[in-house]
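As structure tokens, the structure follows; a few thoughts come after it.
Values below: all heavy atoms of this structure, side chains included; hydrogens, waters and symmetry mates excluded.
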Amino acid sequence: ELDRTGRFRRNVPVPSRFTDVRKNKAFESITVSPSGRYLFTTTEVALERDGPTATPVSGTRVRILRIDLRSGEPTEYAYETDPTPHELGDWGVSDLEALSDTELLVLERGWSRPHGNTVRIYETKLDARATCTAVHQLSSQTSTLSKTLRADLSTLPASGLPEPKQPQPSPLLDNYEGMALGPRASDGRQTLLLISDDNGHATQVARILVLVL
């Protein structure tokens, strides 16, 4: 944690099990609840001990970590992503956004060479039945959080946008990796900001997308 001038304030420890990550698939997300009480993060895909990455048949099981910033107490919740939308490609959790101390938006996204990107936003609510803090290894019998689809970017209107520079199901799609609540719209509805990472590639686009919830 840093203050607004960039000075170090403190480390926020995480459970040691999170060192058991797959290469380049560690923490990709971070959010703090509006109350300022809880920090949330998760890995992109399952820890090595917790099972495989996503396949076209089943999703990957990650641990959503909630840390009480007052006490430092960690609590983990099991969450299962969608299966990969296509045979060839990856899939995982790119970001989280806390709506409250117990409600989260989850950004699931992936890419495959023949098809391009798939990006979905789910809403989930923490449930004690999916707590896995004391579980050494997740399995198919581990209860996971329920989730509700809030947006599939491939289904949103995209008229007027230029043609994508690589195969994509929609010109709106790219490698979205960041998500944050924005200001209220003029009608009072909450906005959600997404940002894509072009990876320095000429075939990708860095853009900010504003959604209204």
Side-chain angles (χ1 to χ4, degrees), residues 1-4 6 12 21-22 24-34 36 38-45 54 60 62 64-66 79 81-82 84-86 89-100 103-113 115-124 147-213:
E1 183 178 351
L2 309 176
D3 66 19
R4 291 183 179 273
V12 180
V21 292
R22 288 178 161 87
N24 198 33
K25 297 295 183 181
F27 294 133
E28 182 89 355
S29 57
I30 191 167
T31 184
V32 174
S33 60
Y38 296 103
L39 179 148
F40 296 88
T41 186
T42 190
T43 54
E44 285 191 75
V45 302
T60 187
V62 300
I64 292 180
L65 173 64
R66 185 179 79 167
Y79 176 93
T81 72
D82 289 350
T84 56
H86 307 287
D90 65 348
W91 188 258
V93 177
S94 182
D95 205 5
L96 302 172
E97 180 61 23
L99 301 175
S100 71
E103 297 166 300
L104 294 165
L105 296 178
V106 182
L107 180 60
E108 297 189 25
R109 65 92 177 90
W111 178 83
S112 67
R113 186 176 299 278
H115 302 281
N117 290 95
T118 303
V119 181
R120 298 174 187 149
I121 300 170
Y122 285 93
E123 184 172 341
T124 189
K147 61 183 187 179
T148 302
L149 181 66
R150 293 296 302 270
D152 183 336
L153 266 59
S154 66
T155 67
L156 300 182
S159 60
L161 290 176
E163 288 297 313
K165 300 176 182 180
Q166 61 174 316
Q168 292 284 10
S170 164
L172 193 64
L173 281 165
D174 217 287
N175 181 36
Y176 290 99
E177 292 195 321
M179 179 171 62
L181 294 179
R184 293 279 175 179
S186 57
D187 61 4
R189 289 182 296 171
Q190 178 67 58
T191 63
L192 181 69
L193 311 180
L194 302 182
I195 189 166
S196 65
D197 177 8
D198 66 4
N199 293 304
H201 294 166
T203 58
Q204 294 179 261
V205 178
R207 58 158 59 97
I208 294 175
L209 177 64
V210 182
L211 303 179
V212 179
L213 299 178

Do you know the tightest heavy-atom contact between Pro171 and Pro162? CB-O, 3.4 Å
Taking Asn199 for the side chain and His201 for the main chain, is one N or O donor matched with an acceptor at less than 3.5 Å? no
Applying side chain to side chain contact (heavy atoms under 4.5 Å, CB included) to Val93 and Glu28, what does each step give before you reach the verdict? CA-CA 8 Å; Val93 177; Glu28 182 89 355; over 6 Å; no
Just verifying a value: how many Å separate Thr148 OG1 and Leu105 CG, rounded to the nearest 0.5 Å? 11.0 Å
Reported CG-to-CG distance for the pair Leu193 and Leu181, which is rounded to 0.5 angstrom: 8.0 Å
Looking only at non-hydrogen atoms, find the nearest pair between Thr60 and Trp91 and report the distance. CG2-O, 4.4 Å
List the steps and the verdict of side chain to side chain contact (heavy atoms under 4.5 Å, CB included) for Phe40 and Ile64. CA-CA 7 Å; Phe40 296 88; Ile64 292 180; 4.3 Å; yes
Tyr38 backbone acceptor or donor facing Ser33 side chain under 3.5 Å: yes
Report yes if the side chains of Thr31 and Leu39 come closer than 4.5 Å at any heavy-atom pair, otherwise no. no
May I ask you to decide if Leu173's main-chain N or O and Asn117's side chain share a donor-acceptor pair within less than 3.5 Å? no
Partner of Asp90 under salt bridge (charged side-chain N to carboxylate O under 4.0 Å, His left out), chosen from Arg109, Lys25, Arg113: Lys25
Side chain to side chain contact (heavy atoms under 4.5 Å, CB included) between Lys147 and Asp82, worked out: CA-CA 10 Å; Lys147 61 183 187 179; Asp82 289 350; 2.9 Å; yes
4.5 Å side-chain heavy-atom contact, His86 and Thr118: yes
Using a 3.5 Å distance criterion without hydrogens, assess whether the side chain of Ser170 forms a donor-acceptor pair with backbone atoms of Ser154. no
d(Arg150 CZ, Asp152 CG) to nearest 0.5 Å is 14.0 Å
Give the minimum heavy-atom separation between Lys165 and Thr203, together with the two atoms involved. CB-O, 3.4 Å
Between the main-chain N or O of Val210 and the side-chain N or O of Thr191, is there a donor-acceptor pair closer than 3.5 Å? no
Keeping Ser196 on the side-chain end and Arg207 on the backbone end, is there a donor-acceptor pair under 3.5 Å? yes
Qualifying residue for side chain to side chain contact (heavy atoms under 4.5 Å, CB included) with Leu172, from Val119, Thr155, Leu156: Leu156
How long is the span from the CG atom in Leu99 to the CG atom in Leu104, to the nearest 0.5 Å? 7.0 Å
Can you check whether Ser29's main-chain N or O pairs, donor with acceptor, with Thr41's side chain at less than 3.5 Å? yes
Please check: side-chain N/O of Asp198 versus main-chain N/O of Gln204, any donor-acceptor pairing under 3.5 Å? no
Which one of Ile121, Leu153, Ile208 satisfies the side chain to side chain contact (heavy atoms under 4.5 Å, CB included) criterion with Tyr176? Leu153
Derivation and outcome, side chain to side chain contact (heavy atoms under 4.5 Å, CB included), residues Arg184 and Arg189: CA-CA 6 Å; Arg184 293 279 175 179; Arg189 289 182 296 171; 5.6 Å; no
Check whether Glu123 reaches the backbone of Leu149 with its side chain - one donor and one acceptor, N or O, closer than 3.5 Å. no
Within this structure, what is the CD-CG distance for the pair Glu97 and Leu107, rounded to the nearest 0.5 Å? 10.5 Å
